Amino acid sequence: MHSTGFLGLNGPRAPDPMTFAAAVLAWIADPAHWVGFDGIPTRVGEHLTMSVTALALSLAIALPVGLALGHTGKGGAVAINIANVGRALPSLALIALALPVAFGLGLGLGFWPTMFALVPLGLPPIITNTYVALRSIDPDLIEAARGMGMREWDLLRRVEIPVAAPVIIAGVRNAAVAIVATATLGAIVASGGLGRYIVDGLARQDQARLFVGAVLVALLAIGAELALALFERLVVPVGIRHAARAPDTWSAPR
Amino acid sequence: MHQERYRAPVTRSAAQTPGGVSVELRGVSKRYGGGATAFIGVDNISLAIAPGDFCVLVGPSGCGKTTTLKMVNRLIEPTSGQIFIDGQDISTLDAVELRRRIGYVIQQVGLFPHQTIAENVATVPRLLGWDSERIRRRVEELLSLVGLDPGVVRRRYPTQLSGGERQRVGVARALAAEPPLMLMDEPFGAVDPIVRGRLQDEFLRLHAQLGMTVMFVTHDIDEAIKLGTTVAVFSEGGCLAQHAPPSRLLASPASDYVARFVGSDRVIKRLALISLADVALELGAGPQGAPTLARTSNLRDALSTLLSTRADAVTVVGEDGVAIGAISMERIRMALDDVARSWPENEASSEGPAGRTH
């Protein structure tokens, strides 16, 4: 049994760690892997293009929806449940479903079917966080703003969005990480990206290639997380950070 | 500190109030729901407030005083009845434009946590599109007006201030565009008694200085009597039980309910509203060795002095320290009777702003 592997197939040979590390380093050091359509820069670029586009599309759909629902407080539960379906649907199935649709629309293989899988993944965290962030703003703040004569748009722009910003951005971070990780699937519909290394690595039993692809995807996901954390520091108003950091004794009536 | 409470009526009259507007509620009701489950928030209230008046709405919780206040800036729309500000039916005005001309202060202040104190105070001027230099000057002026050092607090955030300081900022923010009407919903309810007393005194001074009309909600009858030129007592079910100057409310409560609400010590509270300067004193100084009181003191101080020193009379002295008369227990009793007699029985329940001191 142990010699034939699971279900009688030959499992991957467990490589000696040192040999494996040397193979990976050799793979990375090979100048051929840094040029051309299958080079690391190209694949990273493809992966980033897919991820950024998918995140932008998710934001374009989810932010207005989340803001409208959160501001009015209506239909939130329904929308969040619908959005969560996006989380429940297997991305692989979505890509498979998207193929005939994309062909039918003349959008071709690759990029657009991948978007079809990635955008539903980005929607739920952004819609949910935006809605919850707006609904959990202190009602006194809203009342004071309205009582001073803010129109609904002023209220949203000057009060609700800035106060809700940290939670909204946390949702965007979740969406970004999920999208970067899942963009790997683009490879199976010829969309390129780092998934290419993983798919090809598996097919060719080229474990160095597979490993480099996986590590690069992980690094990109971490990079997205860090970039958005930096963005959060830049855009979240100082007073909100004070408020978040200040213990309750500061806000309690004196 | 007491002078603050018992100032002469002239400093609070409408005569020198450029900014105050009249407010009138005519048969205003607010009902929630319909049929058997209908809940009456405010029940057919009529209330007239003269320009520059400080009208305190007081009553137990859930009696409709906050709802009444919010109908004046249209955060809540009445089910029936009309509200007039400066003679204009407010239902014909744009609600947002209306609110920008009315100062609004709530108990929880509602300062914007993401904005500095200066930005918070500048909220309404910015909505009105003032230029930045004018806003900057106005913010400095307002912060000084409410007793904060602009240089110190301007760049701070709300969480970096104490509760009392935040409430001052809330008042400054409401005053920013020189509103002729201020609506205040238990603004000093969340601060400790010492800070509350100071904020009350300072706000009375601001009111005397700026002369805007104020509608002020509280559940504290003592605060109502201290601050109001008139007091509107609400009862459960959103009814207006009585609207009168504090001294009259205490001297002749319109019903048992009002009498109970103002408290069994209402005579003592009345004494505090009557200045020695306004009562008929016995001529000449009191007996040899009698205690003395300044004429700016009130009858409550006089009674307290009489009881604690066991003297028959207190000598009242002017600002120069010279005796201008004396007051005895008998005179205190007479003064109470005089004040009560000075109101004709059939007089309308809402009076002018001078009604606070008699």
Side-chain angles (χ1 to χ4, degrees), chain A residues 67 70-73 129-130 132-170 231-254, chain B residues 66 69-70 72-76 94-117 119-120 123-128 155-167 170 173-174 176-177 179 183-185 188-192 194-196:
Chain A
L67 290 174
H71 178 77
T72 60
N129 276 40
T130 306
V132 170
L134 257 59
R135 292 321 296 163
S136 55
I137 294 175
D138 184 354
D140 294 323
L141 224 55
I142 310 286
E143 194 197 300
R146 285 219 172 90
M148 280 187 292
M150 283 198 186
R151 295 192 189 279
E152 298 308 300
W153 171 242
D154 292 317
L155 178 61
L156 192 64
R157 191 169 57 99
R158 293 177 193 245
V159 180
E160 288 177 320
I161 293 177
V163 173
V167 181
I168 296 177
I169 295 174
F231 176 72
E232 182 177 344
R233 278 204 71 79
L234 292 178
V235 301
V236 169
V238 180
I240 298 285
R241 268 187 267 147
H242 276 302
R245 213 186 305 134
D248 264 356
T249 48
W250 270 106
S251 52
R254 296 197 149 188
Chain B
T66 293
L69 198 75
K70 286 185 184 174
V72 175
N73 68 0
R74 293 186 58 189
L75 284 176
I76 296 178
D94 178 74
V96 169
E97 298 290 338
L98 174 77
R99 289 179 201 141
R100 289 180 186 176
R101 287 187 284 129
I102 300 176
Y104 187 49
V105 186
I106 57 177
Q107 179 178 342
Q108 303 78 3
V109 198
L111 292 184
F112 303 137
H114 60 293
Q115 294 183 344
T116 62
I117 299 309
E119 287 168 334
N120 265 285
T123 303
V124 178
R126 274 212 314 232
L127 290 170
L128 293 172
R155 286 193 196 81
R156 293 217 176 144
Y157 286 89
T159 49
Q160 298 171 304
L161 301 186
S162 70
E165 287 170 324
R166 280 205 294 268
Q167 200 48 270
R173 184 171 70 169
L183 305 179
M184 307 177 82
D185 193 352
F188 309 140
V191 291
D192 68 60
I194 292 172
V195 174
R196 188 182 312 145

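Below, read A as the first sequence line, B as the second, and so on, with proteins coming before strands; counting in each chain starts at 1. Because the structure is a prediction, the values reported are computed rather than measured.
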Determine the option with the most heavy-atom pairs under 4.5 angstrom with chain A, choosing from B:R126, B:Q108, B:R101, B:H114. B:H114

Under the salt bridge (charged side-chain N to carboxylate O under 4.0 Å, His left out) rule, collect the residues that match up with A:R157, sequence neighbours excluded. A:D154

Tell me, side chain or backbone of B:V105 under 4.5 Å from chain A's heavy atoms, or both, or neither? neither

Can you establish whether the number of heavy atoms outside B:I194 located under 6.0 Å from its atom CD1 is more than 12? no

Against chain A, work out which of B:I106, B:L98, B:V109 has the most heavy-atom pairs shorter than 4.5 Å and name it. B:I106

Among all residues two or more places apart in sequence or in another chain, which pass the salt bridge (charged side-chain N to carboxylate O under 4.0 Å, His left out) test with B:E165? none

A:R158 bridged to B:E119 by N-O distance under 4.0 Å: no

Spell out the residues in residues 140-149 of chain A that have some non-hydrogen atom less than 4.5 Å away from a non-hydrogen atom of chain B, in order of number; otherwise answer 'none'. A:D140, A:L141, A:E143, A:A144, A:A145, A:R146, A:G147, A:M148, A:G149

As a quick check of understanding, evaluate side-chain contact (heavy atoms from CB on, under 4.5 Å) for A:M150 and B:R100, giving each step before the final call. CA-CA 8 Å; A:M150 283 198 186; B:R100 289 180 186 176; 5.9 Å; no

Chain A heavy atoms under 4.5 Å from B:Q115: which part of the residue, side chain, backbone, both or neither? side chain

Counting heavy-atom pairs under 4.5 Å with chain A, which one of B:L128, B:D94, B:T116 comes out on top? B:D94

B:L111, part contacting chain A, at a heavy-atom distance under 4.5 Å: backbone

Tell me, please, which residues at least two apart from A:N129 pass side chain to side chain contact (heavy atoms under 4.5 Å, CB included). A:V167, A:A170

